[in-house]
> 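My structure is below; once you've seen it, I'll send some questions.
The basis for the numbers below is simple: all heavy atoms, side chains too, and nothing from hydrogens, waters or symmetry mates. Keep in mind that this is a model prediction, so the values were computed, not measured. Every chain is numbered from 1 and lettered A, B, ... according to where its sequence line falls, protein lines coming before strand lines.
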Amino acid sequence: MNTEAHLENSVKEALKSLFETEIDPKQIKIELTNPDFEGDFTVLVFPFVRFSKKSPEETADMLGQELRKSNPWIINHNVIKGFLNLSLSHSYWLDWLKNVDLSTIGKAENKPAEKVIVEYSSPNTNKPLHLGHIRNNLLGYSVSELLQFYGYDTKKVNLVNDRGIHICKSMLAYQRFGNDETPESAGVKGDHLIGKYYVVFDLEYKKEIQSLIDAGLSEDDAKKQAPLILEAQAMLQKWEANETETVALWKKLNEWVYAGFNETYTTLGVSFDKFYYESETYLLGKDIVQEGLSKGLFYKKEDDSVWIDLEKEKLDHKLLQRGDGTSVYMTQDMGTADLKYKDFGCDKSIIVVGNEQDYHFKVLFSIMDKLGRPYAKGNYHLSYGMVDLPSGKMKSREGTVVDADDLMAEMIADAKEKTETLGKTDGMSEAEKNQLYYDIGMAALKYFILKVDPSKRMLFDPKESIDLQGDTGPFIQYSYTRIRSILRQAENSEVHTDQALETSERNLVLLLSQFGNVVKKGVDQYSPALVANYIYELARSFNKLYAEVPLLKEMDEAKKANRMAFCTLTAHVLKSGLGILGINAPERM
RNA sequence: GGACUCAUAGCAUAACUGGAUAGUGCACUUGACUACGGAUCAGGAGGUUGGGGGUUCGAAUCCCUCUGAGUUCACCA
């Protein structure tokens, strides 16, 4: 049991014996003591005043006395207003340090039985990945790693959007203007090549619109009647009719794109247990429409279109199937939800999609709930904010995007330049150096993205490169390599629990003891950002200790042994935390 | 128009979900290199938490209201 849980119990017992009141554990709030005050943990006593019938100060003092009676490891207490600050003995902390189990720290005491599926990435095959996708991928991957670390059995899946009118646009533009260019002949990645033709389509399409407008058509009519868009629509129909030539072109171009995506995924360090393709799932869900109709949950309009009334949930009416019987976005998402459950049987299903689709997922989850799906309660939309550029929102058609491959290459180049300036890579092979530049560059990028609360939109200025100093990934890596350097020169020895702790040691051990709580909270909130901010704090706390007390140079053997134990544990927690974020922890840098 | 987000120092962000004097980094500034690894550490300056009201012992956090930004709303997924 961790310290807080222990304290909580004690507080409960103490309140019972002092005031003869059985208190709801939720009323007991225990926090780390604000560093400006004396103490390790703080109990908020305001909620107890109601039945203690005493002032907050008196109540706190009585509680403090009582707690110390039953817990000798609480060696001191002080009261400021309604805050009861408790100081734990140094030997308590050293004992904790001595007995901590590296193989279980941070993980659930009882491994959760539930299985979790995380769907993320969901790229379109008509354009390369950009900064927005990077946020999606990093979030999806690290949430999955976080849950896995905590103890859940997790699966990662990717639903690729490989069909539809937008894909046909690229296909058509390639057919028209491509001259049988290939990724090899053009010397670019397949996804970039196809992305180029998506932009070409847009340019040509706009030209056509303009000439139609000049010929006297309204803008709306021009958009609908431009030959290119009509041809793209025709191509989509051919594709749906499974026409040989169209399907062959579609397959060829998609293969190129997948090869490109795989490269990007590898560099990003993300992976998937299974790929779903919309070309295979887009017809799903029609039987669910029937099911809903027969259950009386859905209704038909005169034109035969199918709807659901969600006015009670303030979600309005929503179209589920067109009058001609073809499916819409919602139709296939209902189908894929069932499919994923059939394939993996997960109790929790997390889907990582931008917050522009908040409404869509509210509706989807509400429908699956009404249909009585067993997994409905475990559905969660991990909604994240858009990544804005100083110039506004990224738009791939207009070319105002930060390309994922370019950005990663730039980060790695920055890391290389910085590392070479510092000149600490003597004796490393070229391969080791390149791995290091990659580790550092990606750490900077990943930490930069993941430290921000997922739900918030974030601003990224491509002109200002991501820092390598301060509150950054490389800072944490650097702290780690420093500890590793020390540990390489140290010998193993036991913790001596009879020693006094320096302030910086006590601060560090307090933070270390919080790792489990942070992971738990991150799991509850699906937020890797909490882990990111925590390991930064931890690295900072260690660096302070490093600057203030001797470690290897400590003459007192007992103290030195304890400090080595601090080093070992800190290194372990830092590495675990970085791992959750998908960041490598190099031995040297 | 309806629904949903968001607003914290020049910039980027945190605040244990209602707790103490709102933390941190970048940039600016002062100091610590005969270093257990300076991608570090210590200090300074920078805030009416968009404005106004309310609830509370206590509000960046909850409620109301303005202002501003964004997303979404029936056939692109």
> Using OP1 and OP2 only, check whether a side-chain N or O of A/Lys544 sits under 4.0 Å from B/A42.
yes

> From the list B/A77, B/G37, B/A14, which nucleotide is the closest neighbour of the side chain of A/Arg163?
B/A77

> Do the side chains of A/Asp524 and A/Lys520 get close enough for a salt bridge, i.e. N-O under 4.0 angstrom?
yes

> As a test of your reading of the structure, name each stem of RNA chain B as range with range, where a stem is three or more consecutive Watson-Crick or G-U pairs at under 3.5 Å.
B:1-7 with B:67-73, B:10-13 with B:23-26, B:28-32 with B:40-44, B:50-54 with B:62-66

> For every nucleotide of nucleotides 2-9 of chain B, 5' to 3': is a protein heavy atom under 4.0 Å from its base (B), only from its sugar-phosphate (S), or from neither (-)?
--S--S--

> Check side chain to side chain contact (heavy atoms under 4.5 Å, CB included) between A/Arg484 and all other residues, then give those that pass, not counting sequence neighbours.
A/Tyr480, A/Leu487, A/Arg488, A/Glu587

> Checking A/Lys301 against A/Trp307: charged group under 6.0 Å from the ring centre and within 45 degrees of the axis?
yes

> Quick check for you: among B/C75, B/C76, B/G37, whose closest atom lies nearest to any side-chain atom of A/Arg482?
B/G37

> Can a donor-acceptor pair under 3.5 Å be found between the side-chain atoms of A/Ser122 and the base atoms of B/A77?
no

> Determine, for nucleotides 20-35 of chain B in 5'-to-3' order, which nucleotides have protein heavy atoms under 4.0 Å from the base (write B), from only the sugar-phosphate (write S), or from neither (write -).
BS--SSS---------

> Nearest to the side chain of A/Leu468, which nucleotide is it out of B/A39, B/C16, B/C75?
B/A39

> Of all the nucleotides listed (B/C41, B/C36, B/A39), which has the minimum atom distance to the side chain of A/Gln489?
B/C36

> Can you tell me if A/Thr481 touches the phosphate of B/G37, counting only side-chain N or O atoms and a distance under 4.0 Å to OP1 or OP2?
no

> Counting side-chain heavy atoms from C-beta on, which of B/U17, B/A39, B/A14 comes nearest to A/Lys418?
B/A39

> Would you say the ring centroid of A/Trp250 lies under 6.0 angstrom from that of A/Tyr277?
no

> Set out, line by line, the N/O atom pairs under 3.5 Å between protein and nucleotides 57-61 of chain B.
none

> Picking from B/A74, B/C41, B/G37, which would you name as closest to the side chain of A/Lys301?
B/A74

> Can you pull out the residues from residues 323-337 of chain A that lie within a 4.0 Å heavy-atom distance of RNA chain B?
A/Tyr329, A/Gln332

> Starting from C1' on B/C75, measure out to CD on A/Gln233 and report it in whole angstrom.
13 Å

> What nucleotide among B/C36, B/C41, B/G38 has an atom nearest to a side-chain atom of A/Ala547?
B/C41

> Counting side-chain heavy atoms from CB outward, which of B/A12, B/A39, B/A14 is closest to A/Leu459?
B/A12

> Taking atom C1' in both B/U8 and B/U48, compute the distance separating them and give it to the nearest angstrom.
12 Å

